[in-house]
Structure formats: structure tokens, C-alpha cells
Amino acid sequence: MPELPEVETYRRIFERHALGKTVAGVSVRDAGVLDGVTPRALAAAVRGRRVREVTRHGKIVFADLSPGPALVLRFGMTGDLVPFEDGAVPRFARVLFRFAEGGGLAFTDMRKFGSIGLAPSSQAYLGERGVGPDALRAGAQAFVARAAARRAPIKAVLLDQALLAGVGNLYADEALFQAGVHPSTSAARLGPAGLRRLHAAVRRVLARAVANEAVWERLPSSWLLPVRESGPCPHCGGRLRRLRIGGRTSVFCPERQRRGR
DNA sequence: AGGTATGTTAATTG
DNA sequence: GCAATTAACATACC
């Protein structure tokens with residue numbers, strides 16, 4: 001379940017179980033999730049190294065092994081990090097990390113859209129891939145300027161990781177809902193003021209979700225997220241509508257989020 | 001049985 | 001050449 005708030009909880013899990021520890025071994029159970037490394041090369045690069053720092057940028061977790069490369073963890077649609085003790089390997093485990101001090105972490109991923117790779121550093125990786133600023137740290141200015149130049153539906157623009165890294169389909173819908181913006185509105189049409197308000201909503205939504213460790217049951221009942229599948233609009237009680245935008249499903253309240261084209 | 005799914009990205013179209 | 005859109009990836013579940 002990985003968007004920025006979920007991935008931040010993964011970062012904390014990795015930190016709790018690996019920070020300061022030495023990697024004793026890496027076991028690749030499905031090489032299909034490796035990105036640009038062979039199982040052998042991954043093990044060679046990581047084994048014997050200490051985890052110095054665990055960071056997150058958007059939906060990506062980096063484990064800094066310096067001196068040495070950074071481990072790059074991406075979770076796709078169904079990735080997760082699950083602590084395990086030997087013997088009890090979690091379901092859908094694709095890669096296992098074991099630590100010299102004891103314990104292990106499993107990278108699980110049912111659909112295998114996630115990946116594990118290596119990079120000289122997190123900065124190098126982000127630069128090469130063109131990942132934009134982290135959605136929780138970025139100021140509004142750059143986002144407003146770049147989004148204003150786009151005519152695509154604002155929903156699609158919010159999902160563009162080059163503009164703002166970390167926003168995914170569900171939290172994008174939540175931010176649009178709270179800002180009262182129709183998902184198919186052209187980004188440019190919102191104007192600087194509208195984009196600024198939307199950016200504030202994105203940050204507020206993500207920060208609140210992180211504070212609640214991305215547990216939906218703890219989110220405010222005024223939010224769209226908990227009732228996204230089933231319920232009526234928590235504000236007006238009306239029926240929620242869904243649209244296909246940029247290949248993803250958008251859920252919104254037609255009453256609260258008026259069409260703006 | 002068929003449609004859908006929290007993400008990326010190559011390929012295609014405009 | 002760039003912005004926008006769509007298909008494809010692999011797998012489980014309702």
C-alpha cells in the first residue's frame with residue numbers, strides 16, 4: 001500500500017530493524033524485482049556493510065551504506081517491508097536481508113512492480129531519474145510555476161513524480177477533495193492561487209497521514225479516503241462519482257468539486 | 001469470467 | 001521536440 005505516507009512507515013521499519021547493523025547476507029528469491037543488478041552483484045555490494053542512514057524521497061527508500069553504494073527500494077503497488085525471524089519467511093517475499101546482529105527484513109511484493117537496486121548515492125539516483133522534490137519538503141513556488149504550464153488534468157499532473165514526488169492516486173484524490181477541485185480541471189486553468197491552495201492541501205493531507213502512520217482507520221472521518229470505495233460523501237452525503245483520468249480511477253464528489261474544465 | 005488494484009515507463013499520438 | 005495519453009508489466013481478489 002505504498003504512497004508517500006506508507007513509504008515513510010516502511011522507512012521507519014527499515015530504520016528500526018537495520019540502522020547501525022551490518023548486512024550479513026542477501027537472499028534473492030525472485031530476481032525479477034532486481035533493477036540493474038544481478039543477485040550476485042547485489043550481495044557482493046551489500047554484504048559486510050553497515051547501514052548508516054535510512055532516508056525517503058517521495059515513494060523511494062534509500063539505505064545508505066557509505067562507504068559503499070545506497071540501496072534503493074521501490075515498492076510499486078504491493079511492496080512492503082516485513083521483519084522476520086529465520087524460518088518464518090513472509091508470503092510474497094522476493095528479497096531477504098539478514099543482519100549480523102540478528103533479525104531480518106523481507107522485501108515482499110505480490111505483483112512485483114517494485115524493485116531493489118543500487119546507486120552511488122540517493123542524490124545521484126534522483127538526479128538521473130529526474131525525480132522532483134519530495135512532496136512534504138517542497139515549497140509551493142516551483143510546483144505552482146511548473147503546474148501552471150501544463151494543460152493536462154490536474155489529477156494527472158499531481159501524479160507526475162517529476163513535479164512533486166510522493167503523491168499517488170489515493171492521496172491525490174484526497175487533496176483534490178479537500179481543496180474542492182474537480183480532478184479533470186486543466187492544471188493551467190486553476191491559476192497560481194488555485195494551485196497554491198491545492199499544494200497546501202497536498203501537504204496537509206500527507207503530513208496528517210504520516211502523523212497517523214498511514215493507518216486509514218485513524219484518519220479523520222471527514223476525509224474521502226475511508227469511504228472511497230463505498231460510502232457517500234462525508235460532507236454532503238451525496239453519491240461519489242468516478243472517472244478514468246490518465247489511466248487511473250479518480251473518485252470525487254460532484255457537489256463539492258465542481259467541474260472547471 | 002471479467003474487471004479492478006496504493007506505480008512506473010516505454011511506446012504512441014497529437 | 002515536447003506534452004499528453006495509453007498500453008504493458010505480474011498477480012490476487014471480489
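Order of the sequence lines sets the chain letters (A, B, ...), proteins ahead of strands, with each chain counted from 1. Just so it is clear, the values below take in all heavy atoms, side chains as well, and ignore hydrogens, waters and symmetry mates.
- The interatomic distance linking A:L164 (CG) with B:dG7 (P) rounds to 14 Å, in whole Å.
- Remark: the separation of the P atoms in C:dA10 and B:dA11 is 15 Å, to the nearest Å.
- With rounding to whole Å, A:I245 atom CD1 is found 20 Å from C:dA3 atom P.
- Applying the Watson-Crick and G-U wobble criteria (two distances, each under 3.5 Å), B:dT6 pairs with nothing in any strand.
- With hydrogens and angles left out, the side-chain atoms of A:E15 and A:Y10 include no donor and acceptor closer than 3.5 Å.
- The interatomic distance linking A:D35 (CG) with B:dA10 (P) rounds to 10 Å, in whole Å.
- The phosphate of C:dA3 has neither OP1 nor OP2 within less than 4.0 Å of any side-chain N or O from A:R150.
- Side chains of A:V72 and A:I60 form a contact here, defined as non-hydrogen atoms less than 4.5 Å apart.
- Residue A:G247 is classed as having no contact, given no heavy-atom separation below 4.0 Å to the nucleic acid.
- For the residue pair A:T78/A:D109, the side-chain donor-acceptor check at 3.5 Å is satisfied.
- Contact between the side-chain N/O atoms of A:R129 and the OP1/OP2 oxygens of B:dG7 is not found at any separation under 4.0 Å.
- Checked against the 6.0 Å centroid threshold, A:F107 and A:F75 count as a close aromatic pair.
- Listed pair A:R248 / B:dT6 meets the phosphate criterion, a side-chain N or O lying under 4.0 Å from OP1 or OP2.
- The shortest distance between the side-chain N/O atoms of A:K59 and the OP1/OP2 oxygens of B:dT6 is not below 4.0 Å.
- What separates CG of A:D160 from P of B:dT9 is a distance of 11 Å, to the nearest Å.
- Distance CG (A:L163) to C1' (C:dA4): 13 Å, rounded to an integer number of Å.
- For the pair A:T249 and B:dA5, the criterion of a side-chain N or O lying under 4.0 Å from OP1 or OP2 is met.
- Salt-bridge check for A:R150 with A:D160: passed, with a basic side-chain N closer than 4.0 Å to an acidic carboxylate O.
- The cationic atom of A:R56 (NZ for Lys, CZ for Arg) does not lie both less than 6.0 Å from the six-membered ring centre of A:F62 and within 45° of the ring axis.
- In this structure, A:Y171 places its OH atom 15 Å from C1' of B:dG7, rounding to the nearest Å.
- Between B:dG7 and A:R74, no contact under 4.0 Å exists linking OP1 or OP2 to a side-chain N or O.
- At a threshold of 4.5 Å between non-hydrogen side-chain atoms, the residues A:E3 and A:E6 count as touching.
- Stacking between A:F113 and C:dC9 is present: the aromatic ring centre lies within less than 5.5 angstrom of the base six-membered ring centre, and the two planes differ by under 30 degrees.
- Between A:R50 and A:L65, the closest side-chain pair of non-hydrogen atoms is not below 4.5 Å.
- Atom CG of A:L81 and atom P of B:dT6 are 20 Å apart (whole Å).
- Comparing the same atom, P, in C:dA7 and in B:dG3 gives a spacing of 14 Å after rounding to whole Å.
- Comparing atom distances between the A:A152 side chain and each of B:dG7, B:dT8, C:dT5 picks out C:dT5 as nearest.
- Per the geometry, CG belonging to A:D173 stands 9 Å off P belonging to B:dT6, to the nearest Å.
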Polar atoms only, N or O, under 3.5 Å: list the protein pairs with nucleotides 11-13 of chain C and their distances.
{"from": "C:dT11", "atom 1": "OP1", "to": "A:K112", "atom 2": "NZ", "distance (Å)": "2.6"}

